[in-house]
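A quick write-up on the structure given underneath.
Each chain gets a letter, A, B and so on, in the order the sequences are listed, and its residues count up from 1.
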There are 2 protein chains.
Amino acid sequence: MNAPVLANVKCSECPIRHRAVCSRCDTDELAVLEQIKIYRNFKAGDQVFWRGEPMDYVASIVSGVATLGKTLEDGRTQMVGLLLPSDFIGRPGRSKVEFDVTAVTDVTLCCFERQPFERLLVATPRIAQRLVEIALDELDAARDWMLLLGRKTAREKIATFIDMLVQRNSVDHGITPALALALPLTREEIANYLGLTLETVSRHLSALKSEGVLNFSDRRNFVVTDLEALRAISGDESDDCL
Amino acid sequence: MNAPVLANVKCSECPIRHRAVCSRCDTDELAVLEQIKIYRNFKAGDQVFWRGEPMDYVASIVSGVATLGKTLEDGRTQMVGLLLPSDFIGRPGRSKVEFDVTAVTDVTLCCFERQPFERLLVATPRIAQRLVEIALDELDAARDWMLLLGRKTAREKIATFIDMLVQRNSVDHGITPALALALPLTREEIANYLGLTLETVSRHLSALKSEGVLNFSDRRNFVVTDLEALRAISGDESDDCL
DNA sequence: CGATACCTTGACCACTTTCAACGTCCGTGG
DNA sequence: CCACGGACGTTGAAAGTGGTCAAGGTATCG
């Protein structure tokens with residue numbers, strides 16, 4: 001919470017201007033947000049929120065990657081969300097977080113104090129509407145993940161995970177799927193996301209590598225060498241076409 | 001979709017009046033809803049929506065139990081939600097469902113056509129606000145379930161499941177936890193909810209019974225005989241007190 | 001260059017699944 | 001009213017997947 005407060009970028013030049021909670025706002029509405037926003041920076045590994053802690057501000061991720069995690073008494077943890085730029089943290093009407101929010105890489109947040117933000121929600125339907133959309137998107141994602149956690153094998157989980165990274169990368173980089181991925185998560189973090197152990201993750205990644213489905217030397221940088229095979233392995237409906 | 005259309009109950013006498021999406025409405029707003037709502041009935045086992053199908057209405061559950069389910073190509077299925085009276089089906093701005101909705105018992109729905117309902121949302125902030133709350137509650141529930149699916153053992157899953165039923169029963173019946181539960185799900189449906197097989201569910205229920213934690217003779221009616229033990233087994237934070 | 005954190009691989013073990021048989025409940029029809 | 005059939009549930013034995021424990025390897029940062 002003692003994260004350094006950076007000079008704000010102007011909303012009109014903000015990299016997430018057209019995707020975040022403010023995406024539907026007109027110039028006037030943006031001016032209001034501009035006045036109450038504060039940038040905060042976190043370093044890789046910093047805790048952004050602690051579970052059960054009062055949450056006095058809400059935020060959008062401007063850059064970096066953060067995770068939502070839940071932990072059992074004995075230390076078993078499960079990641080319940082992966083936050084990427086333009087994702088939103090916090091919910092109106094709730095003062096407490098139900099999970100830990102952790103910065104995986106260095107992270108910049110665009111923060112609004114909770115109460116002024118809630119007042120703004122009432123006055124600015126466009127923000128409220130966008131927030132509903134965001135919540136419903138998260139809900140869909142959570143449910144897909146439930147299917148993965150409950151019913152997929154380790155191999156399928158890992159293939160699905162990589163495929164998901166490819167897909168979201170495509171959104172950023174245009175139509176052609178960018179098959180080179182920079183993956184900021186450790187094996188253990190991947191395991192916590194997939195409901196596996198780090199050893200199992202390592203084993204199956206090695207297997208996929210030796211099968212020629214993907215490649216990596218460095219531990220951060222992956223290249224998908226056979227996207228079709230990857231998708232076949234992931235176990236999702238093959239032709240869920242439109 | 002060809003469910004019989006029943007005579008509507010008046011909103012003012014509706015059993016879910018104070019919990020559903022309409023709970024914040026005043027008399028005037030209720031009158032508007034009253035005009036566009038239609039009751040539909042489904043029999044146990046009926047499919048309410050099919051995955052991928054256009055969803056031309058949204059609805060609240062008036063009575064009965066329904067499930068949200070996702071299925072992999074090879075037939076593995078995972079339940080991603082359990083819908084009880086006052087729960088809401090559908091989302092504004094989405095025309096397609098991403099999962100199957102199935103009636104587990106006989107179900108009565110209070111339906112609104114999607115487009116008029118969406119117009120109403122814009123005009124009636126109280127409904128929109130309540131809908132955001134509902135979506136965020138579902139999101140929290142989904143994330144708790146992700147922890148369960150990803151990290152809990154079969155035994156813990158089942159204890160958590162029973163405990164959840166006790167808790168939601170208490171909400172209906174007052175402060176004293178009602179320890180007798182009518183459970184309308186088969187072993188297989190429980191298994192699909194918990195990411196297990198029906199045999200594993202059966203085995204662990206038997207184990208809990210022989211340990212004196214719960215009791216059942218009939219397959220529908222459970223009695224929790226040792227709530228404290230049940231909670232200890234469920235693996236959640238023991239004292240997550242305020 | 002060394003320390004530390006991260007990753008890989010192997011051997012073994014435990015839990016859940018799978019396969020199978022049998023039992024019980026309940027509705028239907030003889 | 002009882003007999004049958006089908007759906008649902010229980011229990012056992014065997015198999016398999018992923019977890020655990022352990023050792024050694026590799027990147028990365030001071």
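The six-membered or imidazole ring of B/Phe112 lies away from that of B/Phe88, with a centre-to-centre distance of 6.0 Å or more.
Atom pair B/Arg220:CZ and C/dC25:C1' shows a separation of 11 Å (rounding to whole Å applied). The separation between A/Arg219 atom CZ and C/dT8 atom P is 8 Å, rounded to whole Å. To the nearest angstrom, P of C/dC7 lies 10 Å from CG of A/Asp218.
One finds the CG atom of A/Asn192 at 9.0 Å from the OG1 atom of A/Thr67 (value rounded to the nearest 0.5 Å). Annotation: the span from B/Ser202 atom OG to B/Arg187 atom CZ amounts to 6.0 Å, rounded to 0.5 Å. In this structure, the separation between CG on B/Leu148 and OG1 on B/Thr153 is 9.0 Å, given to the nearest 0.5 Å. Of the inter-residue distances, the one linking B/Asp226 atom CG with B/Leu230 atom CG reads 8.0 Å to the nearest 0.5 angstrom. Between atom CZ of residue A/Arg51 and atom OG1 of residue A/Thr71 there is a gap of 7.5 Å, rounded to the nearest 0.5 Å.
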Distance-only criterion, 3.5 Å: show the donor-acceptor pairs between side-chain atoms of residues 210-218 of chain A and protein atoms not counting sequence neighbours.
from     : atom 1 : to       : atom 2 : distance (Å)
A/Ser210 : OG     : A/Ala207 : O      : 3.0
A/Glu211 : OE1    : A/Arg155 : NH2    : 2.9
A/Glu211 : OE2    : A/Arg155 : NH1    : 3.0
A/Asp218 : OD1    : A/Arg220 : N      : 2.4
A/Asp218 : OD2    : A/Asn221 : ND2    : 3.2

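Remark: the backbone N or O of B/Leu196 is not paired with any side-chain donor or acceptor of B/Thr200 at under 3.5 angstrom. Here the side chain of B/Thr105 pairs no donor or acceptor atom with the backbone of B/Gly64 at under 3.5 angstrom. Side chain of B/Glu189 to backbone of B/Thr186: a donor-acceptor contact under 3.5 angstrom is found. A donor-acceptor pair is defined here as one N or O able to donate and one able to accept, closer than 3.5 Å; no such pair exists between the side chain of A/Lys96 and the backbone of A/Met55.
Only one option out of B/Leu84, B/Leu83, B/Val107 pairs with B/Val65 in a side-chain contact (heavy atoms from CB on, under 4.5 Å); it is B/Leu84.
Here chain B contacts DNA chain D (any atom closer than 4.0 Å to a heavy atom, that is under 4.0 Å), and the contacts span D/dC8 to D/dA13 from 5' to 3'.
Residues passing the ring-ring contact (aromatic ring centres under 6.0 Å, His included) test with A/Tyr193 are A/Trp145, A/Phe161, sequence neighbours excluded.
Using a 4.0 Å cut-off on heavy atoms, the residues of residues 145-154 of chain A that approach DNA chain D are A/Thr153, A/Ala154, listed by number. Contacts of residues 194-207 of chain B with DNA chain D (heavy atom under 4.0 Å): B/Leu198, B/Glu199, B/Ser202, B/Arg203, B/Ser206. Annotation: proximity of residues 182-189 of chain B to DNA chain D (heavy atom, distance under 4.0 Å) is found for B/Thr186, B/Arg187, numbered in ascending order.
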